[in-house]
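Accompanying notes for the structure given below.
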Amino acid sequence: MNTSNTHIIPQTKGGVGKTVLSMILATLLYDKDKTINIYEIDDNNNSEVKSNILNFKSIEIKESEELLDEVYFDSFSEDENIINLVDCGGGNDTKSILNKLSENDMVGNNYYVPIFDDIDHINNAIDTIKLIRGFDKDANVNLIFNRCLSTEQKDIEAQFIGVFGSEEYEIESRVKELDYDNIFFIPNTNIFSILKAKKISLLDTYLHAIDLVSNKHEYQRKWQQEGKESFSKKMKMFRLGKRVIELIEDVAPLKKALKG
């Protein structure tokens, strides 16, 4: 069974950036020969994403059984160009999806559990990982620290004090309770809020940004001919594109987990 093409993003706590994470993973997994499917299974959220590359589908839990069977089917395929990402809703949605995976003996998957620095998120991450380990002994569990104010180790330990603990404040470390295989960091940025408002995928924006930066002089000459107002508007998107490229470079270490 090919487990490298199945990527699941669960967390029993809602609002921790699971959909954002699915977009990051899709961008890192991108190859022109790959088919990338993102399935949002959530009874409380119905995202809308415009993409010329990704196949994005948002469904409710009641529709998930057939979809998960399709994901399981693809996991037996020798075609490594089919990539499935499952973005689980928070709370009971995640529990329900993990239960369905357990019922199907769908094991050996790649999991990405995101957390913020809130203590409740840490408790929920511990519970989520316990649920995964309870039925999938071969799971590859990646803990994702989201909205990191800095990627320096000392700064991360200070921000996520609820995970790493503190002798100064007599806070116990909970690292051992978080039974993860790998740990990764996503920097704090408003890029995702901008893209969500525009309903554009990170991958489409990233590829467009690469084209803009690689051919900036040609584009800028064209924009100049369109007038000052148009030039200014296009330059704002150019600067956003450069920020998107920098973001993908910052999260590139996540590719280690995507190798399966």
Side-chain angles (χ1 to χ4, degrees), residues 7-30 36 38-49 51 54 56 58 84-95 97-98 109-129 131-132 140-151 155-156 159-163 178 180 182-206 240 243-244 246-258:
H7 305 274
I8 301 170
I9 307 159
Q11 232 287 23
T12 56
K13 181 72 175 178
V16 292
K18 290 187 292 292
T19 301
V20 163
L21 181 54
S22 71
M23 292 298 165
I24 291 175
L25 296 178
T27 303
L28 294 175
L29 283 161
Y30 171 74
I36 301 179
I38 299 181
Y39 301 116
E40 178 187 70
I41 307 177
D42 195 331
D43 279 350
N44 301 299
N45 192 32
N46 185 10
S47 301
E48 183 179 346
V49 177
S51 176
L54 300 173
F56 181 87
S58 183
N84 291 315
L85 294 103
V86 179
D87 171 10
C88 309
N92 289 330
D93 290 351
T94 278
K95 292 179 181 178
I97 294 166
L98 293 178
N109 300 304
N110 304 294
Y111 294 89
Y112 308 83
V113 182
I115 61 170
F116 293 157
D117 52 11
D118 186 283
I119 191 67
D120 289 338
H121 295 186
I122 299 167
N123 291 333
N124 284 99
I126 291 170
D127 292 341
T128 301
I129 294 173
L131 289 172
I132 295 168
N140 175 36
V141 177
N142 302 282
L143 185 64
I144 312 296
F145 286 18
N146 206 357
R147 293 185 182 174
C148 295
L149 302 177
S150 165
T151 53
D155 296 329
I156 289 173
Q159 181 181 352
F160 291 84
I161 195 171
V163 173
L178 289 157
Y180 57 83
N182 303 292
I183 187 168
F184 299 99
F185 313 104
I186 296 176
N188 190 37
T189 176
N190 68 344
I191 287 173
F192 301 110
S193 296
I194 295 170
L195 298 184
K196 185 175 182 179
K198 291 181 170 293
K199 298 178 181 178
I200 304 172
S201 86
L202 177 64
L203 175 56
D204 290 68
T205 305
Y206 173 70
L240 175 64
R243 289 180 59 205
V244 168
E246 291 172 1
L247 171 66
I248 297 306
E249 291 173 351
D250 287 341
V251 300
L254 253 170
K255 285 187 176 181
K256 173 186 173 184
L258 299 173

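Bear in mind that the values here come from a model prediction, so they are computed numbers and not experimental data. The first residue in the sequence is number 1, and the count goes up from there.
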Given side chains that start at C-beta, do those of [X] and [Y] come closer than 4.5 Å, heavy atoms only?
{"X": "Thr151", "Y": "Asp250", "value": "no"}
{"X": "Leu21", "Y": "Lys18", "value": "no"}
{"X": "Ile129", "Y": "Leu178", "value": "yes"}
{"X": "Ile115", "Y": "Arg147", "value": "no"}
{"X": "Ile144", "Y": "Leu254", "value": "yes"}
{"X": "Asp42", "Y": "Asn46", "value": "no"}
{"X": "Leu85", "Y": "Ile36", "value": "yes"}
{"X": "Cys148", "Y": "Phe160", "value": "yes"}

Rounded distance (nearest 0.5 Å) linking atom [atom1] of [X] with atom [atom2] of [Y]:
{"X": "Leu143", "Y": "Ile122", "atom1": "CG", "atom2": "CD1", "result": "9.5 Å"}
{"X": "Asn110", "Y": "Asn140", "atom1": "CG", "atom2": "CG", "result": "5.0 Å"}
{"X": "Leu25", "Y": "Ile8", "atom1": "CG", "atom2": "CD1", "result": "12.0 Å"}
{"X": "Tyr112", "Y": "Ser22", "atom1": "OH", "atom2": "OG", "result": "12.0 Å"}
{"X": "Ile132", "Y": "Asn109", "atom1": "CD1", "atom2": "CG", "result": "9.5 Å"}

What residues, two or more places apart in sequence or in another chain, satisfy side-chain contact (heavy atoms from CB on, under 4.5 Å) together with [X]?
{"X": "Asp204", "result": "Ser51, Asn52, Ile53, Ile200, Ser201"}
{"X": "Thr27", "result": "Leu202, Leu203, Tyr206, Ile248"}
{"X": "Asn124", "result": "Gln11, Thr12, Lys13, Asp120"}
{"X": "Phe56", "result": "Met23, Ile38, Glu40, Ser47, Val49, Ser58"}

With sequence neighbours left out, write down each residue that passes ring-ring contact (aromatic ring centres under 6.0 Å, His included) with [X], or none if nothing qualifies.
{"X": "Phe184", "answer": "none"}
{"X": "Phe192", "answer": "none"}
{"X": "Tyr111", "answer": "none"}

Can you name the salt bridge (Lys or Arg N to Asp or Glu O under 4.0 Å) partners of Glu249, sequence neighbours left out? none

Okay, side chain of Glu48, backbone of Lys199: is any donor-acceptor separation there less than 3.5 Å? no

For Asp93 and Asp43, indicate whether the former's side chain and the latter's backbone hold a donor-acceptor pair under 3.5 Å. yes

Provide the closest heavy-atom pair for Pro187 versus Leu247 in the form atom of the first, atom of the second, distance. CG-CD1, 3.7 Å

Please name the pair of heavy atoms, one in Asn146 and one in Val16, separated by the smallest distance, quoted to 0.1 Å. ND2-O, 3.1 Å

side-chain contact (heavy atoms from CB on, under 4.5 Å) between Thr205 and Leu195, worked out: CA-CA 8 Å; Thr205 305; Leu195 298 184; 3.5 Å; yes

Please evaluate residues Ile9 and Val113 with respect to the criterion side-chain contact (heavy atoms from CB on, under 4.5 Å), reporting the C-alpha separation (whole Å), side-chain torsions for both, the decisive distance (0.1 Å), and the verdict. CA-CA 6 Å; Ile9 307 159; Val113 182; over 6 Å; no

So His121 and Phe116, would you call those rings parallel, tilted or perpendicular, with 30° and 60° as cut-offs? tilted

Applying side-chain contact (heavy atoms from CB on, under 4.5 Å), run through Ile97 and Cys88 and close with a yes or a no. CA-CA 7 Å; Ile97 294 166; Cys88 309; 3.6 Å; yes

Output all residues satisfying side chain to side chain donor-acceptor pair (under 3.5 Å) with [X], sequence neighbours left out; order by chain, then residue number.
{"X": "Asp87", "answer": "Thr19"}
{"X": "Asn142", "answer": "Asn182"}
{"X": "Asp155", "answer": "Ser150"}
{"X": "Lys196", "answer": "none"}

Using the side-chain contact (heavy atoms from CB on, under 4.5 Å) rule, take His7 and Asn84 through it: C-alpha gap first, then chi angles, then the decisive distance, then the call. CA-CA 6 Å; His7 305 274; Asn84 291 315; over 6 Å; no

